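Here the structure is a predicted model, which means the values were calculated and not measured. As a basis for the values below, the full set of heavy atoms in this structure was taken, side chains included, without hydrogen atoms, waters or symmetry mates. In what follows, chains carry the letters A, B, and so on, assigned in the order in which the sequence lines appear, proteins first and then strands, with residues in each chain numbered from 1.
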Protein chains: 2
Amino acid sequence: MKKAEATRLNILQKSFEFIYARGYQNTSIDDILATTQVTKGAFYYHFKNKDEMGLAIINELMKPALTKSFIEPLQNIKNPLDAIYNLIHLLLMENDFLKVEYGCPAANFTQEMTPWNKDFSEALGEIIQEWMKVMTNVIENGKKSGYIHKDVKAKQVAFFVISGYWGIRNFGKLENSKKVYVPYLKELKNYLNTLK
Amino acid sequence: MKKAEATRLNILQKSFEFIYARGYQNTSIDDILATTQVTKGAFYYHFKNKDEMGLAIINELMKPALTKSFIEPLQNIKNPLDAIYNLIHLLLMENDFLKVEYGCPAANFTQEMTPWNKDFSEALGEIIQEWMKVMTNVIENGKKSGYIHKDVKAKQVAFFVISGYWGIRNFGKLENSKKVYVPYLKELKNYLNTLK
DNA sequence: TCTCAATCCTACCAGTTAGTATGTTGTTGT
DNA sequence: ACAACAACATACTAACTGGTAGGATTGAGA
């Protein structure tokens with residue numbers, strides 16, 4: 001059971017990197033086989049077809065990664081506005097798993113596969129809903145603890161922040177430079193300060 | 001000269017719709033030929049290859065469309081904050097050329113082709129830079145006319161607003177519903193009001 | 001009306017795609 | 001030690017991909 005699991009995981013990880021860099025449709029199974037040194041028979045032993053592998057990437061790799069990088073930094077914090085800013089700063093400027101030239105994996109997947117693959121959309125939707133939920137909670141708690149003004153609508157803010165994050169990721173991709181992140185982050189800080 | 005031009009334009013328009021809905025890589029030349037009723041010979045008479053057609057779509061269709069729908073509404077206006085809000089509202093809620101389920105054509109193209117096709121990136125970059133420039137000017141003028149606080153950094157705001165627009169387009173695509181646009185627009189209005 | 005280039009058409013090709021059929025090898029429990 | 005199944009390997013296919021070769025048709029100017 002051990003080695004087979006390793007083979008499967010290897011396929012998922014290498015495939016993710018390929019897809020993150022080049023897109024799902026533009027990553028062929030032969031590409032994956034070449035980098036993993038896995039044969040076609042082995043691939044189709046582990047996955048019924050390409051889409052099942054794509055779904056496994058979302059559920060088994062991206063979902064845990066989101067929890068670790070996008071959600072944990074929002075937990076056990078004092079000042080929610082600082083926490084949100086620090087999280088976005090961390091994701092944009094310091095996380096070296098996410099590459100500026102390739103954008104946001106979840107956003108890429110969404111843009112490429114929605115609305116043509118319902119399973120993908122649903123799996124991605126769950127991931128994003130999770131982030132939304134946690135961020136909304138953080139803001140609500142901030143209202144209770146006085147860090148955030150009571151009139152602030154938590155869900156609206158969460159939508160606004162996450163949209164901005166997705167958009168600036170696309171901007172960075174277009175310009176192929178983290179330079180655009182700087183003015184975005186400054187304005188994000190200004191915006192968050194207005195919520196006090 | 002007339003009919004040939006019509007053929008070319010027909011190819012561009014139908015191709016744009018296909019690509020907007022399904023992506024560039026996932027739109028085959030045979031797909032285009034089928035819907036346009038144009039033969040392969042005619043296609044390759046008008047375009048050296050698929051990429052040249054893709055570039056023509058950006059430069060000859062998307063660029064003018066951007067000017068008309070994204071830039072003109074920002075010209076000859078009084079209150080710049082209202083103008084920006086109204087523009088985004090128009091684009092998200094009323095423009096029936098842009099479909100919620102397909103997102104933003106420029107963002108889609110960017111995400112799919114960058115960083116693999118330099119020509120595409122440059123052409124798309126020009127389009128976005130144009131929008132950025134106009135929006136920055138609008139904000140600067142608003143500072144002079146007193147509608148916007150003098151401390152506001154125009155370019156930062158433009159980055160912030162455009163990023164949000166791109167992001168919420170992706171959100172709409174994921175949820176396949178304009179519902180998500182509503183909280184986003186409310187918070188956009190709140191944000192813009194803080195710039196007074 | 002004739003010419004000739006612009007425009008379009010048909011048949012084809014070599015490469016790539018996801019997926020399958022039919023095996024062989026490795027491992028595990030008894 | 002051996003049966004039985006998990007795990008992997010090889011060779012293949014049918015459909016599709018972007019692109020080309022070479023010929024047919026059209027229309028505008030002489």
- Message: Whole angstroms only, please: what is the NZ-P distance between A/Lys3 and C/dT28?
- Response: 11 Å
- Check whether any side-chain N or O of B/Lys153 sits under 3.5 Å from a backbone N or O of A/Glu187 as a donor-acceptor pair, and report yes or no. no
- Flag, side chain of A/Glu52 to backbone of A/Lys48, donor-acceptor distance under 3.5 Å: yes
- Query: In whole angstroms, how far is the P atom of D/dA6 from the CZ atom of A/Arg8?
  - Reply: 15 Å
- Message: Can you tell me if A/Tyr45 touches the phosphate of D/dA7, counting only side-chain N or O atoms and a distance under 4.0 Å to OP1 or OP2?
- Response: yes
Pairs under 3.5 angstrom, nitrogen or oxygen only, protein versus nucleotides 18-20 of chain D, please.
unit_1, atom_1, unit_2, atom_2, d
D/dG18, OP1, B/Lys50, NZ, 3.0
D/dG18, OP2, B/Ile29, N, 2.8
D/dG18, N7, B/Lys40, NZ, 3.4
D/dG19, OP2, B/Tyr44, OH, 3.2
D/dG19, OP2, B/Lys50, N, 2.9
D/dG19, N7, B/Lys40, NZ, 3.3
D/dG19, O6, B/Lys40, NZ, 2.9

- Task: Whole angstrom is fine here: how far is it from CD in B/Glu5 over to C1' in C/dC8?
- Result: 15 Å
- Message: Distance check needed: D/dA7 P versus A/Leu9 CG, whole Å only.
- Response: 15 Å
- Note on the structure: Rounded to whole Å, the CZ-P distance (B/Phe47 to C/dC8) equals 11 Å
- Message: Would you say NZ of A/Lys155 has more than 12 non-hydrogen atoms from neighbouring residues, nucleotides or ligands within 6.0 angstrom?
- Response: no
- Query: Between A/Arg22 (CZ) and C/dT17 (C1'), how many Å, whole number?
  - Reply: 13 Å
- Answer yes or no for A/Lys179 and A/Phe171: cation-pi contact, defined as NZ/CZ to six-membered ring centre under 6.0 Å and angle to ring axis within 45°. no
- Query: Is there a side chain to side chain contact (heavy atoms under 4.5 Å, CB included) between A/Lys186 and A/Tyr191 once you walk through the steps?
  - Reply: CA-CA 9 Å; A/Lys186 282 186 184 166; A/Tyr191 163 68; over 6 Å; no
- Task: Look at the side-chain heavy atoms of Ile, Leu, Val, Met, Phe, Trp and Tyr, link any pair under 4.5 Å apart, and say whether B/Trp116 and A/Ile19 land in one connected group.
- Result: yes
- Within the pair A/Thr7 and D/dC8, is there a side-chain N or O less than 4.0 Å away from OP1 or OP2? yes
- Item | Short side-chain N/O contact to D/dC8 OP1/OP2 from A/His46, under 4.0 Å | yes
- Message: Output the rounded distance in Å from CG (B/Asn10) to P (C/dT7).
- Response: 16 Å
